[in-house]
Structure formats: C-alpha cells, structure tokens
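Scroll down for the structure; my scribbles are underneath it.
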Amino acid sequence: MLTIQSLREEKDRILEALNKRHFDAHEAVEQILAWDAERRKTQAQLDETLAQSNALSREIGGLMREGKKEEAEAVKAQTSSLKAKSGELKEQMQGLEQQIHDALCHIPNTPHADVAAGRNADDNVETFRSGDASTLEHHKKPHWDIAEQCKLIDFELGAKVTGAGFPFYRGKGAKLQRGLIRFFLEQADAAGYEEFIPPHMINPDSGFGTGQLPDKEGQMYHMQDDELYMIPTAEVPLTNIYRDVMVKEGDLPIKLCGYTPCFRREAGSYGKDVRGLNRLHQFDKVEIVQFAHPEASYATLDGMVEHVKGLLEALELPYRILRLCGGDMGFTSAMTYDFEVWSAAQERWLEVSSVSNFETYQANRLKCRYKGNDGKTHLVHTLNGSALALPRIVAALLENHQDETGIRIPEALVPYCGFERIDF
RNA sequence: GGAGGUUUGGCAGAGUUGGUCGAUUGCACCGGUCUUGAAAACCGGCGUACCGCAAGGUACCGGGGGUUCGAAUCCCUCAGCCUCCGCCA
C-alpha cells in the first residue's frame, strides 16, 4: 500500500498517476488526510495525558519508597480521571488508525511515469516482438486435440478425480512438465537466483504482505479449519520470506526463485478462454523474485525481462512483450511487462509471464527495509516475474512445433525431457 | 492430540519478591585516537515506530487482552520454538 507520508508529501503527483488507471482517489485521499490530521491531534493529546499519568506514577513510586503511604494514596486519587481520558483517546486513535489503514489498502499502486494511460488490454504498448505470428496455419491442431491423441494430458480424468481445471499429465506429457520445470530452474540458477521450495499454503499475514488479501480473497482456495490459503503463485511465500526483515543495503539485490504448483479459483472465468490448458485451477510455474535498491529497481526489471526473453528464445516460440497500460495493470504494480506467446492453432496470443516492479507498495505492507548510508531506514523495492508458467508454454510448444508426423521438442529442452519428438 | 519448558534490541544473553528498565553486558556495526597500512588497544556512538520547528514526549521486551496509580516482571488467551508421550507418511 501507499505510505501515508507519500500521501502527505506528494498528493498531487499520486492522484495524477492514479488517473492512468482511471482510478479516482480524490475523495479517498482527502478523507485519509483528514483522518491523519485528526489522528495526529489525538496522539498529541493522548501522549500528553499519558505523560501526566506517568509522572504521577513515578511520584507514587517515590512516596511509597519513602513510606509516605497517605500522600501516595492522595496522588493515586488524581490518576483516575487521567486514566479515563487516556482510555478514551486511545480508542479514538485506534479507530482512526484502522480507518486510515483500511482506506490505504484500497488504493492501488501508482503507475510509473512511463506507463501509458489507457483503459484495457487494447491500450497496452507492444515493446518487442520475436518470430512469426502467422495466421495461415489452419492445418495445425489445437493443443487439446494433440494432448488427447498422444495421451499427454487427461482433462476428463482430472475432472473425475478432482474437478474441471485439474488435469492429469501423463507419459511424455508428464516428462515434458518435469523437463520444463528443470530447464526453467536451471536457467534461473545460472542467472544467480537462489532456489527455494516454499510451502504451498500461506497464512493471512503473508497474503496481506504481497497484496492478495484483502482484495483477492475470493481468488484463493481457503482452508477455513486452519485459516490457511493455497498459494496462487510462489510470489507469495517467496516474497514473504523478507516480511518484517531489515536487510543490509549491501545485500541488495536479493534474488530468489522457486517452482511451485499454483492454485487459483478463477471464479467468473468461462467460455473458450478456458479450453484445454488456457486456464486452469492448478498449474505449475517457476517464479523469480528480487528485492532491489530503489535506485536500481528499474534496471533490475529490465534484467528480469531479458531473462524471460532468453527462455522464450530457447524454446523457439514466437512471442511479444507488452508494457501494460494503467488500466490493465495489477493492483499492486508500478510497471508490468506481459509476455505472450503465439498460439498458431488458436490464432491468438497467450500470456505466459508477467514481470512487475512493485516499488515500495509491497515492501510497505511487508515492512521490508534497509538502513541506508544516510543512517535512515528505507523501504526496498520488490519485483517478481514468471519464468515461466507452464500450461500455455506447453500449449504453444504443441501448436507451434507441429509437423506432419508429430511435435518437435526444441533443442534446448531435449536434455531435460529425454526425448526429441512426440509422435502422432 | 496430551504434559512440561521457553519466546527480551542485528546476534548472544542479563533482568521475573511489580516502581527512574526501553531495559546490564558481550559480539557485530559506525566514527575517532594510535599506525606506513592493518590488527590489537583505548575513546565515543549505536533498537524500531509515531507526535513535535525544537526541547522533548508516547508506544513497543512473541501477538492480543486483563489486574494495578505503575508490568519485561502477575493473570488469561493465541502463536512459534524445545523436551517427553501418543499417532503416523
């Protein structure tokens, strides 16, 4: 969430930046600043009252030591009104703080200056394109047909055992998954990211830290008996490693990665978009996360974009990179690049990665800070990206690398899969 | 799941017959003296957040609540860690 300090100091810049999202925060911000002023006034009164109260207590302590019990009792009598007053003020303070906190939670992050205004996906800016997004490939089969024909993925079995959107991968389909996971992890390892295998469930504090709670509560599977959530992405456990941590400035950037399955309820999704591997309740993903110095975070973001480019090049897939416009960006992001691969058979782009800089928005929730050379504490910048999400990569591989007799596995992937082709 | 113990500032570790304890001390860290440089030694500084122009004030000793004029110290509750028992991949 935004810091109250930033709201006080650069209200106009923030409101203008939020306009790019078509998010009108005028009213909310004015309300917050009014509450904030009231809070400060209340605190001044409360502190004064407590100071008086503390002084009297010290006096009583002194008198008791000297054995002047009667005088002590007399002073005690003075404390009751102070106590009532401070109790009342404390309640007011807590109420105001809660209101401010709740309101701040409902204001999204401010887009970076380079982010375009824009309302939706149509306004995103293509910044890079690689390969041929041909539309003249009607002979190619969609991945769901190949998956069934070659017994790579069994959607019906998944529906029987669990439900729609929970497929079984089998045979070469399973090996392909495993190969991709290893390939992605080793690429991340080579790029200096430390590998983690995080828990697949998280507590509410962690959900809040990265911004899934309270806004996206309905998107996560919730274990109510234990008050835990299935992770929607490894971003959540990985980023929360540094919740409430004071890092050393010299340790930045910190680079983490991890493979996990991801669980998403995808409430409200429907239609052809959810066919086959396009949208699942459980899918596999390798995530990269960085904690960066504020001055370096956009260079860091560029580096992460380059990393993901390298993966897609190695898989020989046609792809493009979009810088999301304000209206299409996630709630917590300041700048996001989406990677989309071309689906030859579906004749559409499929999002396979999203790389974002959250600046201090997550760090403020996480309370992840470092002590600078100036002796002051500052919030770090957090970034993350998919590198990569598997299902649509598999779809793109099956649809783009088809020939008359089967699927060709890209050279870079062969050592990880253990086979060169999937025959029809 | 049952029983007991434990949880203090970056780390280690005092403090639990309630009263100048936000907290002794060591290490780490920062600055200085000394030195060609470094180490050692010595001197000084060093938790976080909020309010305040400042002086200063307030809060925080796992989280929450309570008793009291006053709580790190007493009580309740929740959580983490450790030990033992039970169960189990």
Side-chain angles (χ1 to χ4, degrees), chain A residues 1-9 32-105 197-209 213 223-229 237 240-252 254 291 293 360 363-380:
Chain A
M1 60 186 169
L2 301 177
T3 62
I4 186 76
Q5 294 89 335
S6 70
L7 231 47
R8 282 189 213 138
E9 288 163 16
I32 289 169
L33 290 175
W35 282 332
D36 182 48
E38 202 180 334
R39 194 207 101 239
R40 284 190 275 176
K41 209 175 79 187
T42 309
Q43 186 181 340
Q45 290 172 9
L46 175 61
D47 286 358
E48 171 62 23
T49 309
L50 289 173
Q52 286 176 21
S53 190
N54 287 341
L56 288 179
S57 290
R58 274 192 291 271
E59 202 178 317
I60 293 169
L63 291 169
M64 295 293 263
R65 258 196 310 280
E66 293 169 31
K68 299 174 180 172
K69 207 172 175 188
E70 281 178 30
E71 289 177 46
E73 288 299 327
V75 179
K76 268 193 199 180
Q78 299 174 40
T79 60
S80 61
S81 68
L82 286 175
K83 206 180 175 189
K85 190 176 172 190
S86 67
E88 209 172 288
L89 288 167
K90 196 173 175 187
E91 210 166 295
Q92 277 180 38
M93 269 279 282
Q94 286 172 345
L96 286 163
E97 279 171 350
Q98 187 65 47
Q99 284 177 308
I100 292 167
H101 181 264
D102 290 350
L104 280 175
C105 283
I197 299 179
H200 297 171
M201 295 188 202
I202 48 114
N203 60 30
D205 282 348
S206 294
F208 176 79
L213 295 175
M223 316 290 126
Q224 290 185 350
D225 285 348
D226 299 288
E227 198 49 24
L228 296 172
Y229 296 85
N240 273 282
I241 290 172
Y242 284 92
R243 172 155 50 82
D244 293 321
V245 170
M246 187 78 81
V247 300
K248 289 203 174 81
E249 187 173 22
D251 289 344
L252 298 172
I254 296 167
F291 299 83
H293 195 285
T360 61
N364 187 35
R365 292 177 161 223
L366 294 161
K367 295 289 172 271
C368 177
R369 298 165 297 177
Y370 68 93
K371 187 161 284 197
N373 288 327
D374 55 6
K376 293 180 183 168
T377 53
H378 303 276
L379 295 167
V380 305

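Values below: every heavy atom of this structure, side chains too, minus hydrogens, waters and symmetry copies. Quick note on labels: first sequence line is chain A, next is B, and so on, each numbered from 1.
- A close approach under 4.0 Å does not occur between any side-chain nitrogen or oxygen of A:Arg369 and OP1 or OP2 of B:U48.
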What pairs of nitrogen or oxygen atoms, one from the protein and one from nucleotides 71-81 of chain B, lie under 3.5 Å apart?
none

Could you list the donor-acceptor pairs under 3.5 angstrom formed by side chains in residues 55-62 of chain A, with sequence neighbours left out?
residue, atom, partner, partner atom, Å
A:Ser57, OG, A:Ser53, O, 3.2

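- A:Val380 approaches A:Tyr370 most closely through the heavy-atom pair CG1-CD2, 3.6 Å.
- Under the 4.5 Å side-chain criterion, counting only non-hydrogen atoms from C-beta, A:Glu227 is not in contact with A:Asn203.
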For A:Glu48 and A:Gln52, run side chain to side chain donor-acceptor pair (under 3.5 Å): C-alpha distance rounded to whole Å, both residues' side-chain angles, the deciding distance at 0.1 Å, then the answer. CA-CA 6 Å; A:Glu48 171 62 23; A:Gln52 286 176 21; 2.9 Å; yes
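- Rounded to whole Å, the separation between the C1' atoms of B:C21 and B:A59 comes to 15 Å.
- A:Asp47 pairs by the salt bridge (charged side-chain N to carboxylate O under 4.0 Å, His left out) definition with nothing, not counting sequence neighbours.
- With rounding to whole Å, A:Glu71 atom CD is found 18 Å from B:C69 atom P.
- Distance check, rounded to the nearest 0.5 Å: NE2 of A:His293 to CD of A:Glu249 gives 4.0 Å.
- Taking every heavy atom of both residues into account, A:Met93 and A:Leu46 meet most closely at CG-CD2, 4.0 Å.
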Given protein heavy atoms under 4.0 Å, the one-letter contact record of nucleotides 50-67 of chain B, with B base, S sugar-phosphate only and - none, is simply BSS----BSS--------
Polar pairs (N or O, both sides) under 3.5 Å between protein and nucleotides 16-18 of chain B?
none

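- Residue-level contact check: A:Thr79 touches the backbone only, with heavy atoms under 4.0 Å from sugar-phosphate atoms and none from bases.
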Note, RNA chain B 5' to 3' with Watson-Crick or G-U pairs under 3.5 Å encoded as ( ), [ ], | and . gives ((((((((.[[[..)...(.....]]].(((((.......))))).(((((....))))).[[[[[..)....]]]]])))))))....
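- A:Lys76 and A:Glu73 are joined by a salt bridge, as a carboxylate oxygen and a charged side-chain nitrogen come within less than 4.0 angstrom of each other.
- Between the P atoms of B:C61 and B:U73, the separation comes to 8 Å (whole Å).
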